[in-house]
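Note: hydrogens, waters and symmetry copies are ignored here, and every other heavy atom, side chains too, is used.
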Amino acid sequence: MRVAYWLMKSEPEEFSIDALKKVKREPWTGVRNYQARNFMWQQMQPGDGVLFYHSNCPVPGVVGLAEVMGEPLPDPTQFDPLSDYFDSKSDPDKPRWWMRHVGFKRKFKQVVSLDRLRGEAGALGEFALLNRGNRLSILPVSEAQWTHVLSLAEDS
DNA sequence: GCCAACGTTGGC
DNA sequence: GCCAACGTTGGC
């Protein structure tokens with residue numbers, strides 16, 4: 001079976017790796033970017049690896065591992081008028097926004113910081129995360145990048 | 001279909 | 001809190 005790898009960003013004040021550890025499994029709702037939507041809708045497979053990334057915080061970086069769980073589901077927040085993510089143009093018969101569940105795997109002993117990743121830019125090769133101005137909240141990760149980030153998490 | 005205005009992301 | 005980068009919106 002094909003296993004792919006992803007990086008998913010979350011602001012720790014909104015939803016941290018500790019929060020994921022606590023709930024074990026979280027519906028990844030609220031993504032309103034078509035490229036990120038397409039990854040969740042059509043490209044992810046159950047069991048795919050996820051680098052869990054903390055953004056918009058004192059030390060941005062990869063803080064642990066998660067996995068994609070289950071098939072794509074319509075993001076319920078798009079149909080909830082009380083939600084910040086409500087989309088009046090989305091048709092329930094043809095939902096515009098899709099989500100996956102994300103399951104906790106483990107938390108790193110220490111953050112693999114964005115700074116550290118930048119220092120490893122040569123080894124990591126082309127990595128959307130390191131491109132300037134990158135704002136995508138879900139990015140594909142190669143197997144080599146996945147392995148390298150894991151090795152950075154091991155040593156200290 | 002162009003593109004200026006606007007809103008959001010996210011590092012610093 | 002600032003602001004560069006970028007995606008989206010909407011007028012034309």
Side-chain angles (χ1 to χ4, degrees), chain A residues 4-23 26-44 48-68 72-102 104-142 145-146 148-153 155-156:
Chain A
Y5 303 95
W6 309 92
L7 180 144
M8 298 175 81
K9 297 180 187 172
S10 187
E11 301 192 14
E13 286 194 20
E14 295 294 321
F15 188 75
S16 66
I17 187 80
D18 291 323
L20 181 62
K21 183 176 183 176
K22 201 166 171 184
V23 298
E26 176 75 2
W28 211 256
T29 59
V31 170
R32 294 293 179 271
N33 169 282
Y34 286 102
Q35 209 179 337
R37 188 262 335 239
N38 290 342
F39 291 144
M40 287 201 291
W41 186 23
Q42 297 171 314
Q43 294 195 233
M44 285 180 171
D48 281 358
V50 173
L51 298 175
F52 196 98
Y53 181 93
H54 279 175
S55 66
N56 213 358
C57 57
V59 185
V62 179
V63 292
L65 304 182
E67 73 174 321
V68 173
L73 299 167
D75 179 343
T77 63
Q78 70 195 303
F79 304 123
D80 176 3
L82 299 179
S83 169
D84 287 345
Y85 303 111
F86 178 61
D87 184 348
S88 61
K89 299 198 191 87
S90 184
D91 176 357
D93 292 328
K94 207 186 166 199
R96 180 180 288 185
W97 304 112
W98 295 78
M99 51 150 273
R100 298 279 180 147
H101 282 88
V102 172
F104 177 79
K105 295 285 276 187
R106 67 186 173 93
K107 181 183 175 179
F108 292 160
K109 289 199 178 65
Q110 59 172 34
V111 188
V112 178
S113 68
L114 179 59
D115 231 33
R116 186 86 198 279
L117 293 169
R118 290 228 167 90
E120 299 285 327
L124 289 166
E126 168 58 29
F127 195 1
L129 182 73
L130 303 180
N131 295 345
R132 76 192 301 252
N134 161 64
R135 289 172 40 186
L136 248 195
S137 63
I138 301 176
L139 331 160
V141 172
S142 72
Q145 289 163 345
W146 170 270
H148 196 71
V149 172
L150 290 209
S151 76
L152 295 175
D155 67 35
S156 38

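Relative ring orientation between A/Y34 and A/W97 is described as tilted, the plane-to-plane angle lying within the 30° to 60° band.
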What pairs of donor and acceptor atoms, side-chain ones from residues 51-65 of chain A against any protein atom, are under 3.5 angstrom apart with sequence neighbours left out?
unit_1	atom_1	unit_2	atom_2	d
A/H54	NE2	A/I17	N	3.1
A/N56	ND2	A/E11	OE2	3.3

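Counting all heavy atoms, side chain and backbone alike, A/F79 lies closest to A/P95 at CZ-CB, 4.0 Å.
For A/D75 (side chain) and A/T29 (main-chain N/O), no donor-acceptor pair under 3.5 Å exists by modelled atom type.
Chain A approaches DNA chain B over the interval B/dG7 to B/dC12, counting the first and last nucleotide 5' to 3' with an atom under 4.0 Å from its heavy atoms.
A salt bridge between A/D87 and A/R32 is absent, with no side-chain N of the basic residue lying under 4.0 Å from a carboxylate O of the acidic one.
Heavy-atom nearest nucleotides on DNA chain C were determined for A/N131 and for A/N56, and the one closer to the 5' end corresponds to A/N56.
Within 4.0 Å of A/R32, counting heavy atoms only, lies no atom of the nucleic acid at all.
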